[in-house]
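For this chain, numbers begin at 1 and follow the sequence in order. As a basis for the values below, the full set of heavy atoms in this structure was taken, side chains included, without hydrogen atoms, waters or symmetry mates.
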Amino acid sequence: MTPIRRTGRRTAAVVALTLAAAGCGIRGTSVPVDAGRAPSRVSCKAPASDPAPDPPGGAQATVYLVCGSALAQVERTVSLPKNTAGSEPRLPTARALLKELQRQPSSDEDRAGFSSALPQDLKVAAPRAGDPADALRLSIRPDDLPSFALAQLVCTYGASPALGRTHAAVLGGPGEDAAHRYECSAEVLANPDIAENTGWGDPLSEEG
């Protein structure tokens, strides 16, 4: 009878240890846990400029693309309007830069992690009566654009010599709302979601 009693004690001890382990939050598993693929890393390093000759009317321009959760500048060859006597280059330049932002990134840019958030149906027009001279009117209210798209547009326009290289853009929408001045600051470049804050964009008077 003694061996049977000892076996019973061993069994009870094993059960007690198992319950204690369960009480400590220890869980066993008989199959490997798939945590998914590790997130891919992107360089966000702009590819080298195209060594090919510029096309007729082409010029180097800085555009801002999305990479990760920030904006980064990329140099591209853009077909910009020629300056002719009596012509105003601002609107054609703004349209050319918008078209460039709406273009799909090149294969090198894509591999480096660059993308663009600009809607394909967005258009830009000249200022209306009462707007500041450097204003531009968009077919979509600036505050209704995706935050990254608005930041891309503001920083690209703000870097353009033909638009004044002001590190800002004066933008309005298709309605009667006054145009606002949007600064391309280091904070905007690092955190384009700032565009979702209603405080971004200084209101301007109709007199400019």
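- By the 4.0 Å N-to-carboxylate-O rule, Asp177 lies close enough to Arg141 to be salt-bridged with it.
- Put simply, the side chain of Pro192 does not reach to within 4.5 Å of the side chain of Val66, judged on heavy atoms.
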Notebook entry, point to check: Run the side chain to side chain contact (heavy atoms under 4.5 Å, CB included) check on Gln73 and Val63 step by step: do they pass?
Noted result: CA-CA 6 Å; Gln73 67 180 49; Val63 298; over 6 Å; no
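- Side-chain contact between Arg76 and Glu109 is present, with heavy atoms from C-beta onward closer than 4.5 Å.
- Note that SG of Cys155 is 13.0 Å distant from OH of Tyr182, once rounded to the nearest 0.5 Å.
- Nearest heavy atom pair, residue Leu97 against residue Ala61, reads CD2-CB, 4.0 Å.
- Within a 6.0 Å sphere centred on CD of Gln102, other residues, nucleotides and ligands contribute more than 12 heavy atoms.
- A distance of 7.5 Å separates OG1 in Thr156 from CG in Leu118, rounded to the nearest 0.5 Å.
- Residue Gln104 qualifies as open at atom CD: its count of foreign heavy atoms under 6.0 Å is 12 or below.
- To the nearest 0.5 angstrom, Leu145 atom CG is 6.5 Å from Leu138 atom CG.
- For the residue pair Phe148 and Ala117, the shortest heavy atom distance occurs at CB-CB, 4.0 Å.
- Using modelled atom types and a 3.5 Å distance limit, the side chains of Tyr64 and Gln152 yield no donor-acceptor pair.
- Using a 4.5 Å cut-off on side-chain heavy atoms (C-beta onward), Leu101 and Leu122 make no contact.
- Between Gly113 and Cys67, the shortest heavy-atom contact is O-SG, 3.4 Å.
- Counting only heavy atoms from C-beta outward, the side chains of Pro174 and Arg137 never approach each other to under 4.5 Å.
- At least one side-chain heavy atom of Leu163 sits under 4.5 Å from a side-chain heavy atom of Thr93.
- Shown here for Ala135 and Ala179, the closest heavy-atom pair between the two residues is CB-CB, 4.3 Å.
- The minimum heavy-atom distance linking Arg90 with Asp134 is given by the pair NH2-O, 2.8 Å.
- The shortest side-chain heavy-atom distance between Leu136 and Leu91 falls under the 4.5 Å cut-off.
- Distance check, rounded to the nearest 0.5 Å: CG of Leu150 to CD1 of Ile140 gives 11.0 Å.
- Residues Val124 and Leu153 have side chains not in contact (no heavy-atom distance under 4.5 Å, counting atoms from C-beta outward).
- In this structure, NE2 on His167 lies 10.0 Å from CG on Leu189, to the nearest 0.5 angstrom.
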Notebook entry, point to check: Between Thr166 and Tyr157, does a side chain to side chain contact (heavy atoms under 4.5 Å, CB included) hold up when you go through it step by step?
Noted result: CA-CA 8 Å; Thr166 58; Tyr157 282 175; over 6 Å; no
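- To the nearest 0.5 Å, atoms OG (Ser139) and CG (Asp144) are separated by 11.0 Å.
- Contact annotation: the side chain of Arg128 approaches that of Glu176 to within less than 4.5 Å [non-hydrogen atoms, C-beta and beyond].
- Nearest heavy atom pair, residue Gly172 against residue Pro142, reads C-CD, 3.8 Å.
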